[in-house]
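A short write-up of the structure that comes next.
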Amino acid sequence: MNIILFGPPGAGKGTQADTIVKEFNFFKISTGDLLRKEIDKNSILGNKIKSIIEKGNLVSDETINNLVKDILTNKKYFNKIVFDGYPRNLNQAKILDKLVLDNNQKISCVLSLKVDQDTVVKRILGREICSKCGKIFNKYFNPSTESNHSCGLDFLKIRSDDKKEVILERFKTYTKETHPILDHYRSQNLLYEIDGISNIVKISQEIRQIIRSLDAWLCRFYQYK
Ligand code: AMP
């Protein structure tokens, strides 16, 4: 089974994807993380991507689809992917349908985290990411502490697109281009809508139940609470 975690920026997709990875042995594929890796290379493509991301716009479908194609054709990830931040528009959703089919895989569910704009802004302004282990924290709601994070505070970084004016642009892009693809998944009976405002543990529980209901076999082999 492959899973799509869907929702606006700051909905908690990355955090929930990390939990699924840990509990069910999946691989998280965050197109945002893949793009940031390209930026870190300081390549011509990386610099182009950086300027798009810092405006809150979407990177071209061609760039994204090439990244995702490499993943879906790699046997290591076969039917064990949690997509975080992909697909982001209808064209990407249709290309993903084809890539999945061509590679004998399937999308088993689309978990949509519903969060309003005010909450998104508050959450993103507190977001901190560990540059060593990749864990995501929030200095207001879920701070890094000695007990939940062994790398320490020195590695915590703030994303360059986590500024208020960019967040508002990203939310606009989400509303206009990304949110409409929910109908695509609703019509395929793949959509599960989840209240993304409730606390992290409760949301994880809900997600766990959904995964369990879809694949009892998987859940017998991996720990769940
Ligand atoms: P994220 O880490 O998912 O919040 O993504 C950060 C930024 O990367 C977005 O605001 C977009 O500019 C870009 N990005 C990430 N995923 C995609 C995608 N699937 N399609 C286009 N642009 C993307």
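Side-chain atoms are counted along with the backbone in the values below, which use heavy atoms only and exclude waters and symmetry mates. Just so we're clear, the structure is a prediction, and the values are computed from it rather than from any experiment. When a ligand or atom number is given, it counts from 1 through the structure's own listing order.
- Taking every non-hydrogen atom of Asn57 and a distance limit under 4.0 Å, the qualifying atoms of ligand 1 come out as 11 (C), 12 (O).
- The shortest heavy-atom distance from Lys13 to ligand 1 is not under 4.0 Å.
- Note: His179 and Tyr174 have perpendicular aromatic rings, judged against thresholds of 30 and 60 degrees for the angle between ring planes.
- The option with the heavy atom closest to atom 20 (N) of ligand 1, from among Gln92, Arg127, Glu169, is Gln92.
- Looking from atom 3 (O) of ligand 1 to the surrounding protein, the closest heavy atom is Arg88 NH1, 3.0 Å.
- Lys37 and Asp40 are not joined by a salt bridge, as no carboxylate oxygen comes within less than 4.0 angstrom of a charged side-chain nitrogen.
- Between Arg36 and ligand 1 there is a heavy-atom distance shorter than 4.0 Å.
- At least one heavy atom of Leu35 sits less than 4.0 Å from an atom of ligand 1.
- Nearest to atom 22 (N) of ligand 1 among the protein's heavy atoms is Val59 N, 3.1 Å.
- The residues Arg170 and Asp162 are annotated as salt-bridged, a charged nitrogen and a carboxylate oxygen being separated by less than 4.0 angstrom.
- In the model, Arg208 has no side-chain atom that pairs as donor or acceptor with a side-chain atom of Gln205 under 3.5 Å.
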Practice prompt. With salt bridge (Lys or Arg N to Asp or Glu O under 4.0 Å) as the test, would you mind laying out the steps for Lys94 and Asp97 before giving the verdict?
Written response: CA-CA 5 Å; Lys94 288 184 176 164; Asp97 287 349; over 6 Å; no
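- For atom 6 (C) of ligand 1, the nearest non-hydrogen atom from the set Arg170, Arg159, Lys55, Glu177 comes from Arg159.
- For Ile210 against Ile194, the heavy-atom pair with the smallest separation is CD1-CD1, 4.0 Å.
- Summary of contacts: the protein heavy atom closest to atom 16 (N) of ligand 1 is Thr31 OG1, 2.8 Å.
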